[in-house]
Amino acid sequence: MMSDLPILSLITFSPLLGIIVLALLPKGSSRALRATAIVATIIPLLLSFWLYADYDGAVDGKPYEEQFTWVDTQFDRLTGTSEGTLSFKLQYEMGVDGLSLPLLLLTTIVALMAALASIHIKKRWKSFYIWFLLLEIGMLGVFLARDIILFFVFFEMTLIPMFFLIGIWGYMGREKAANKFLIYNGIGSAIMLIAFVLLISTAGFNIDTQTFSGSYETIKANLLDMQAAVNVAEAWTGNYSNLFMSETMHWTIFILLLVAFGIKLPLFPFHTWMLRVHTEAPPAIVMIHSGILLKMGAYGLLRFGVFLFPEQAHEWAVVLAVLGVINILYGAVLALVQKEFKLVLAYSSISHMGIVLLGIASFNEIGLQGAMIQLVSHGLISALLFLIVGSLYERTGTTELGELGGLAKSLPFMSGVLLTAGMASLGLPGLSGFIGEFLSLLGLFESMRILTAIAVLGVILTAVYVLRSVLGITFGPMQEKYGTLRDARLIEAVPMITLVAFIVLIGIYPAVLTEPMKHGFDTLLQQLSGKVGG
Amino acid sequence: MLSSYLMVAAILFCIGLYGALVKKNAVIVLLSIELMLNAVNLNLVAFSKYGVVPSLTGQIFTLFTIAVAAAEVAVGIAILIALFRARGTVNVDEYDEMRR
Amino acid sequence: MDTMFSEMAWLIPLFPLAAFLLLLASGRSGRRVGVAIGSVGSLASLVLSILVLIEHMGDGATYYQDGFKWIDLGSFQLNFGYEVTNLSALMLVVVTAVSFLVNVYSAGYMRDDERISVFYSYIALFTFSMLGLVLADNMLSLYFFWELVGVCSFLLVGFWYTKPAARAAAKKAFIVTRIGDAGLLIAILLLFWYMPDHALDFVRIENVFEGQTGAVAAGVTTLIAILIFVGAIGKSGQFPLHVWLPDAMEGPTPISALIHAATMVAAGVYLVARTFDIFQASPVAMETVAYIGAFTAIFAATIGIAQNDIKRILAYSTVSQLGYMMMALGLGSLTGGVFHLFTHAFFKALLFLGAGSIIHAVHTQNINEMGGLGSKMRITAWTFGIGALALSGIPPFAGFWSKDAILATALHENPTLFVVGVVAAFFTAFYMSRLFFLVFTGKPKGDGKAHESPLSMTIPLIILAVFAIGAGFIETPWNGTLSEWLTGTAAAAHSGGGLVMVISTAVGALGIYLGWLVFVKGTIARDAISSRAPWLARLLERKYYIDEIYEAILVKPLRGLGQLLNAIDQYLIDGIVSFIGGTAVFLGRGGTRLQNGQVQTYGLITILGLVILIIAVVGRRFWS
């Protein structure tokens, strides 16, 4: 039924509609601009829920593939024995599977919430919302693209709007933060581009159509059956050197991808940029950043690093797990001593993304599912936390832990939500954080006992820093100057309640996520068991 | 035969180059540039006569170059005068607006 | 016997849950309505629990289990379910009964608090979680509710959140129990991967470990048992994770009665009882449990002597009594542990609610500021006295029978622990008599406006007092009803039962007599010990400096590490990055130096470059 419609492209580009309308509206009418932006984020949300309802995981997303050729360049064979030309195609190829669907939903949800949270933006609404919607297109595209060039394009499409959103609407140190963001991610993208070019030139050749392209399926098929690809490619292009298909090449690409997505994730030594972004960007944008953009790193690592190079990744499972544990403990210990609430949350993001790495490193169904749930869950939780941070800052004018205290008295509703978010973040059962954490640890425990036990220490530390900061804000004697604050308005309360509802839903009934992902990892695990023998 | 023409042109070019790079007076620099241009013209003419495939095109092209060079000198001198009026100097060392 | 009510057991936790959701939705609007909703919810659970228990009293196995797939991961699945065993049926009644009484009691105690409906919603949530914990049929669901009760405890300890002490106590309670929970979590992970078929449910755990099938290696079994015990230590306030429980007394007193005396803290004991087969499969684990329990029993009892806060004395007494239960379990007596849990729940709830009634009347918690309340608060005094006697182990009160059962086992299994238990019993009797005499006898202190509490508070006291007298008779040395019912086997005859009874009664009476001598008669000076060995008094008063030790060896180093890493993060890691960035900027600066605006310089450089290029190109010809 739905396969007649290009639903994936519709989802991705529906915010474009909003951009067009926004462009036509006058600059000053903040109300109309805001309403337009909110409506423009509701459309992809509805469409993605429709997709979710219609999606049947068992068929691995086949009905939802859209494809057409974008650019087609013909070129002569380099040296060759046979006649004819080859072509290089840039393809527009979209698809959805168990890996991308949960993140797609996360994106549409968090984007709407962030649009609602943008009421605290004070200036230049028009350009803000235009950048915002562009950002959303980029994010949606990243999760749906099935061509690595297209993926790259969408990936870059998130950088530029972010740069401006941080640089113009941020706090005091916004320019520096924006620069740092762009430089780090630019380096990451450059490395990713190198990896992608290597991928296309080594494995992007489709024998049947005689074309080079960035098609994910082609690359995957070629990488998995290397010998056949080598033979055919050699026969057709002549001077195919062995280097291209060698083990070294695989490792090179894998490590390049690890670094590229590790910066985004962020992995331990590459994390300093995101601290600045967390503190300097406007909270609505941090919701997006922490809620979705970091997830793109993990998604890329899974889809390109792990799915394309299962053997390498599996061999490095211990490395991944160690990196994960370092992330968890490092983030947790540092979150413990921060004096600024946003920095606590930033380090807690580092800590939580470590759990994702653990899940990936487990290389079994449980751990991988756990990693995915952790991604979605952390996206929702950090979006919620920053939503509250935005509303708090709006009222108190500070997020320094030393200056806040006793807010539960004047802001009972927001304090309650903050406490709930904190509980979700420290992995309380019944809320989504627990499921991701538990499954990741459970999965990893099969192969790496000691590391898992160390990671559990991180779970304790999480409780310590979450309680320290959350209780510091909400509990304690009420301060005079905060006595007259008004609790959340309806427009603030609605996204808070919605996010809490989703967090609770996943926490109580995780099947909403595990069902569509059920077969997402089957093929990967089969390949592994076939090649590694266990 | 060709090599002597080329030698003359090369010497001429080097003198021009030297002048353009070293002289401080803007007018002399302009003159030096003209010298280099003429060295090129000489080459063109020499090749058109004694080259592997002799052709009149080279000589005709030289005429063009001379015409363009004349226009160029006119514009150059005009700019120099304007500069002189503005800055009160013809010393090229002091013409460093590009840097600021 | 049919299983009609057991099949409906899943409804029991849902009543309080519904109450919680209703209260949450209604906000702070209805005060009276809040009380009504909370009470009705717990009453409904109580009624159903009693029906379930009655059903289980009958002959024949009325075991019932049901559940559903919670997380289905293809090759693995995690279930969620409930089961009703005799043990859980008993616990259900204890929990719902105490919960209901506390609901009623709080209507009076919390009457003037503006957030009373919030209070009731927390209690409802707690009751739901605790019942879920009791009914859980596998380790994962148990853990799920285990954490939820922890969070409710946290919320209620921090109920008066404006008090910094309450904030600190709530934080401490959560974090310390969380350390224990981490142990339990690892135990679950171990069980999942070592159990055949990745089963986590108690039935299969029992089958695997009871039969000593060897499906799980001995070392692993010990590890699992110890880790489960770590979880129990955290929840039940056993040494060395007991520090949170006395601090938790910052919460409202009804909460101390419900959570920190009768139900949640007993969850640790319940957990060990539920997984008893794992422990029995590992002698090392059993010994650990027994010794830690015994040590905690005497350790906390000694601290209890030197405290002046009425609730803290009771808190240390709880810690001490939980130590008894653990000791019983460690010595292999499931019945002893559960029996003491059962009786303790009633008389300790009674004591706490009594303490609440006193605090309500005199607005202080320091026993030195109280006195002579016996004549003004007759009901409270009588019921409190009954509770104190039960706790001191004086026949025929409930505590006597259960403590006796434990001591009898100890004498049989391990005489050393028996001595420890007897000494702890002596201390218990002594500090309870000290507490009772200081509060209810002597000259009135304070403003003397103390009065008896309202009916809603005294009626629960009377009901609990009845239980504190009568609950012990379900299991006596002559009558093994409980043990037969719980373990399914006829009770082994207690050898030397008479001797134990005599000793424990004598010790209890001696403790009370000593207390009477010191605090009423004054024959022995109060500072008899503190004047001669001030260090000892100080050591006890400061609770053996455990908090200070933790601060020094855990909290400070961790904070220091955090600061250190923070500095490294800011200066080194960020510094390296800035250095790399800075290098690029520096190179750029150097580049701009060349950009001096002198066209002639540019030209010169260009020419030089060209020359180098030409030399390179031409040179290649000659050298290659």
Side-chain angles (χ1 to χ4, degrees), chain A residues 180 183-184 268-273 275 330 333-338 347 364-366 369 406 408-409 412 415 419 423 426-430 434-435 438-439 441-442 445-446 449 452-453 456-457 459-461 463-464 467-468 471-472 474-478 509-511 514-515 518-519 521-522, chain C residues 24 27-28 69-76 78 115 118 129 140-141 143-148 150-151 154-155 158 161-164 166-168 170-171 174-175 178-179 181-183 185-186 188-190 192-193 555 558-566 569-570 573-574 576-578 581 584:
Chain A
K180 206 155 192 174
I183 290 171
Y184 259 98
F268 156 59
F270 307 126
H271 63 275
T272 48
W273 64 274
L275 303 175
Y330 190 81
V333 171
L334 277 168
L336 213 54
V337 294
Q338 298 306 316
Y347 280 111
N364 56 31
E365 183 93 30
I366 301 178
Q369 295 258 18
K409 192 91 184 167
S415 300
L419 197 58
M423 288 294 157
L426 60 80
L428 183 76
F434 170 71
I435 311 285
F438 178 73
L439 289 182
L441 292 173
L442 187 61
F445 198 75
E446 187 186 17
R449 307 257 138 93
T452 316
V456 173
L457 283 183
V459 173
I460 300 174
L461 285 179
V464 181
L467 287 188
R468 170 181 166 270
L471 293 194
T474 56
F475 282 29
M478 194 184 76
Y509 192 62
T514 53
E515 279 303 314
K518 208 164 171 179
H519 302 282
F521 300 106
D522 281 1
Chain C
L24 194 67
R28 293 185 185 183
K69 262 188 241 168
W70 187 41
I71 304 177
D72 185 5
L73 299 172
S75 41
F76 305 100
L78 300 168
R115 287 164 69 230
V118 178
S129 320
L140 185 62
S141 344
Y143 184 79
F144 191 100
F145 290 112
W146 179 270
E147 288 285 305
L148 276 187
V151 100
F154 155 82
L155 286 172
Y161 55 82
T162 47
K163 285 200 295 183
R167 172 169 72 182
K171 199 158 97 180
F174 196 89
I175 291 167
R178 188 87 184 171
I179 295 172
D181 298 350
L185 182 65
I186 300 178
I188 294 176
L189 300 182
L190 273 167
F192 183 83
W193 289 110
V555 181
L558 192 60
R559 204 173 287 152
L561 178 70
Q563 303 285 10
L564 179 72
L565 285 182
N566 198 27
D569 197 54
Q570 267 181 9
I573 296 183
D574 207 25
I576 289 172
V577 174
S578 306

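Throughout, protein chains are lettered first and strands after them, A, B, ... in sequence-line order, and every chain is numbered starting at 1.
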Ranked by heavy-atom pairs below 4.5 Å to chain C, first place among Tyr509(A), Phe434(A), Phe438(A) goes to Phe438(A)
Which heavy atom in Leu148(C) sits nearest to a heavy atom in Pro429(A), and how many Å separate them?
CD2-O, 3.6 Å
Decide yes or no for His271(A) and Asp569(C): does some side-chain heavy atom of the first lie under 4.5 Å from some side-chain heavy atom of the second?
yes
When rounded to the nearest 0.5 angstrom, what is the spacing between OG1 in Thr452(A) and CG in Leu185(C)?
10.0 Å
Between Tyr347(A) and Asn566(C), the two heavy atoms sitting closest are OH-OD1, 4.1 Å
Where does Arg449(A) contact chain C at under 4.5 Å (heavy atoms): side chain, backbone, both or neither?
side chain
Minimal heavy-atom distance between Gly427(A) and Arg178(C), with the atoms involved, is O-NH2, 3.9 Å
Do you know the tightest heavy-atom contact between Arg559(C) and Val337(A)?
O-CG1, 3.7 Å
Greatest number of heavy atom pairs closer than 4.5 Å to chain C - which of Asn364(A), Leu461(A), Leu426(A):
Leu426(A)
Segment of Leu336(A) engaging chain C (4.5 angstrom heavy-atom cut-off):
side chain
Of the backbone (N, CA, C, O) and the side chain (C-beta and beyond), which part of Phe192(C) lies under 4.5 Å from a heavy atom of chain A, both, or neither?
side chain
Is Phe154(C) close to chain A through its backbone or its side chain, or both, or neither, when contacts mean heavy atoms under 4.5 Å?
side chain
For Met423(A) versus Val151(C), what's the shortest heavy-atom pair and its separation?
SD-CG2, 3.2 Å
Side chains of Leu558(C) and Val464(A) in contact at under 4.5 Å (non-hydrogen atoms):
no
Of the listed residues (Val456(A), Leu457(A), Val459(A)), which shares the most heavy-atom pairs with chain C below a 4.5 Å separation?
Val456(A)
Counting C-beta onward and ignoring hydrogens, is there a side-chain heavy-atom pair between Tyr161(C) and Thr474(A) closer than 4.5 Å?
no
Check whether any side-chain heavy atom of Ile435(A) sits under 4.5 Å from a side-chain heavy atom of Trp70(C), and report yes or no.
yes
Can you say whether Leu190(C) sits under 4.5 Å from chain A via the side chain, the backbone, both, or neither, judging by heavy atoms?
both
Give the minimum heavy-atom separation between Gly562(C) and Val333(A), together with the two atoms involved.
CA-CG1, 3.4 Å
Looking only at heavy atoms and a cut-off of under 4.5 Å, which of Leu441(A), Leu442(A), Ile460(A), Leu334(A) has the most pairs with chain C?
Leu442(A)
